[in-house]
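Input: a single structure, listed below in structure tokens.
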Amino acid sequence: MPEANSGWNLQRIPLSKLRLDWQNPRLPEEKRNEGVSQEELALFIDDEYDPLRIASSIARHGYFESEPLIATKASDDEYVVLEGNRRLTALLGLSDDSLRAQFVRQNSGWKSLGGVRLPAEFPVIVVDDPASVVPLLGFRHISGITPWDPYQQAGYIARLVDEGRPLVEVAELVGRELTEVRAMYRDFEILRQAHEEFGLNIARARDNFGVFNAAMGRVPIRAFIAAPAPREVDPEYWPLPSDHKPQMSRLLGYIFGDAKGENRVVRDSRQLKQLADVLSDATATVVLDQTRSLEDAHAATVDARSQLIAAVAAAGRNLAKANALGPTSIDASTRRELQTLIARANALLGLSDEGAEE
């Protein structure tokens, strides 16, 4: 924890005065709204981030006071918790029978946690300026030992930029290289633009943001949607041209498929290199759109001679497998198939001879 300054002071505050932070980067965009109730925020955190594990530890061992919550004063009777929202949710579940009953519907493990005795007050570091906590949150949850998921990290970076902080300053605050921060910000903004300006479904890209980030690390994929390199990112503008909705829609489909994840062509993040090869070749991209087969499209990026050599080599391997099966009786149908293959091989040799004569 960074050294406290004059704007930080340790206080003991009743649980009834502590509030979950509706601007918590762990929350999805639709929940980051001041009008969302505390109950709704608690139910979401319980459903997504397993405060039950913390609550179970508190029930067994008591509340450890060595790591205080961090909050800012919102009014005389309310303090918004900036750091420690999972712990606060755990405490709320332990102390509020009605809320715990709702938690039980999501996770039956809460059933056994009634009747836990809690302190009357809890240690809280109260900060005058929420911005003073930014270095702590940035380091702890982006570079530190309890990181948020990639989309949450990028969202926090975007939030700092939206507040008017230069990307250079943001990189220093969160403890990451400037190029990486620029890339994370760009990729978050691409998805935000796809949702807000283009009206596209980004749910699967958001949930698999690490894959999207890896895709944007490949120049041909970036070029397909005209996304800027990290050094060219400008927070004053959307990252993509306004007329590139079709390209963005196609790219999301290639990598993530439809809303159910179906009809995608990339099945594994290791195939992103193949996708980059395909998107750098106009003919191969047409094949991809027509066949929805990354393998067929990637084959189209290879010249005809190389394809022929690869096909002959594959045929040779298959013949070797057939020979390895040992002497067996061959029925008439199999014999005819072998004779057809021999005829095709001879025809191929004939074409090769003609090419040599020319």
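Just so we're clear, the structure is a prediction, and the values are computed from it rather than from any experiment.
- Checking side-chain atoms of R176 against main-chain N and O of L173 turns up no donor-acceptor pair under 3.5 Å.
- Applying the side-chain hydrogen bond (donor to acceptor under 3.5 Å, both in side chains) test to Q193 and every residue at least two apart in sequence or in another chain returns E197.
- Under the 3.5 Å distance criterion, the side-chain polar atoms of N85 are matched with a main-chain donor or acceptor of V81.
- Residues passing the salt bridge (charged side-chain N to carboxylate O under 4.0 Å, His left out) test with R192, sequence neighbours excluded: D162, E189.
- Classification of D97 and R100 as a salt-bridged pair holds, one side-chain N sitting under 4.0 Å from a carboxylate O.
- At a threshold of 4.5 Å between side-chain heavy atoms, the hydrophobic network of Ile, Leu, Val, Met, Phe, Trp and Tyr places L118 and V124 in one connected group.
- Annotation: side chain of L288 is in contact with side chain of L275 (closest heavy-atom distance under 4.5 Å).
- The closest donor-acceptor contact from the side chain of R87 to the backbone of I54 lies at 3.5 Å or more, if one exists at all.
- Looking at R159, its side chain does come within 3.5 Å of a backbone N or O of Q23 through a donor-acceptor pair.
- With contacts defined as side-chain heavy-atom distances shorter than 4.5 Å, the pair I190/D187 qualifies.
- In this structure, the side chain of R86 does not engage the main chain of P51 through any donor-acceptor pair within 3.5 Å.
- Annotation: side chain of L18 is in contact with side chain of I13 (closest heavy-atom distance under 4.5 Å).
- A 4.5 Å side-chain heavy-atom check between Y156 and Q152 finds every atom pair outside the cut-off.
- Placement of W110 and I45 within a single hydrophobic cluster is found when ILVMFWY residues are connected by side-chain heavy-atom separations under 4.5 Å, directly or transitively.
- Under the rule for a ring pair (Phe, Tyr, Trp, His ring centres under 6.0 Å), Y79 has no partner lying at least two apart in sequence or in another chain.
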Can you check side-chain contact (heavy atoms from CB on, under 4.5 Å) on N9 and Q11, steps first, answer last? CA-CA 6 Å; N9 61 90; Q11 301 181 25; 2.6 Å; yes
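- The closest side-chain donor-acceptor pair between E295 and Q274, if any, does not fall under 3.5 angstrom.
- In summary, K260 and D258 do not engage in a salt bridge, as defined by a charged side-chain N under 4.0 Å from a carboxylate O.
- Distance check: D46 CG to L92 CG gives 11.0 Å after rounding to the nearest 0.5 Å.
- Remark: E337 engages no residue in a salt bridge (charged side-chain N to carboxylate O under 4.0 Å, His left out) (not counting sequence neighbours).
- Enclosure of atom CZ in R12 by more than 12 non-hydrogen atoms of other residues, nucleotides or ligands within 6.0 angstrom is indicated.
- By the 4.5 Å heavy-atom criterion applied to side chains, K321 and N318 are counted as neighbours.
- Side-chain atoms of Q271 and D268 include no donor-acceptor pair closer than 3.5 Å.
- Listed by chain and number, the residues in a side-chain contact (heavy atoms from CB on, under 4.5 Å) with D96 are S98, L99 (sequence neighbours excluded).
- By the rule that hydrophobic residues join a cluster once side-chain heavy atoms approach within less than 4.5 Å of another member, I157 and W238 end up as members of separate clusters.
- Side-chain N or O atoms of T291 include one that pairs as donor or acceptor with a backbone N or O of V287 at under 3.5 Å.
- The aromatic rings of Y63 and F122 stand perpendicular to each other, their planes meeting at an angle above 60°, with 30° marking the opposite boundary.
- Judged as a ring pair (Phe, Tyr, Trp, His ring centres under 6.0 Å), and not counting sequence neighbours, F212 has no contacts.
- R204 places a side-chain N or O within 3.5 Å of a backbone atom of F256 that can act as its donor or acceptor partner.
- Linking Ile, Leu, Val, Met, Phe, Trp and Tyr residues whenever their side-chain heavy atoms come within less than 4.5 Å leaves F188 and V181 in two separate clusters.
- Remark: E78 does not engage K17 in a salt bridge, criterion side-chain N to carboxylate O under 4.0 Å.
- Between the side chains of N213 and Y151, no donor N or O sits under 3.5 Å from an acceptor N or O.
- For the pair R186 (side chain) and P228 (backbone), a donor-acceptor distance under 3.5 Å is present.
- Side chain of R53 to main chain of D50: no donor-acceptor pair is present (N/O by atom type, distance under 3.5 Å, no hydrogens or angles).
- Taking the charged nitrogens against the carboxylate oxygens, D331 and R335 have no contact shorter than 4.0 Å, which rules out a salt bridge.
- By the criterion of side-chain heavy atoms lying less than 4.5 angstrom apart, applied directly or through intervening Ile, Leu, Val, Met, Phe, Trp or Tyr residues, M184 is not grouped with L272; the two fall into different hydrophobic clusters.
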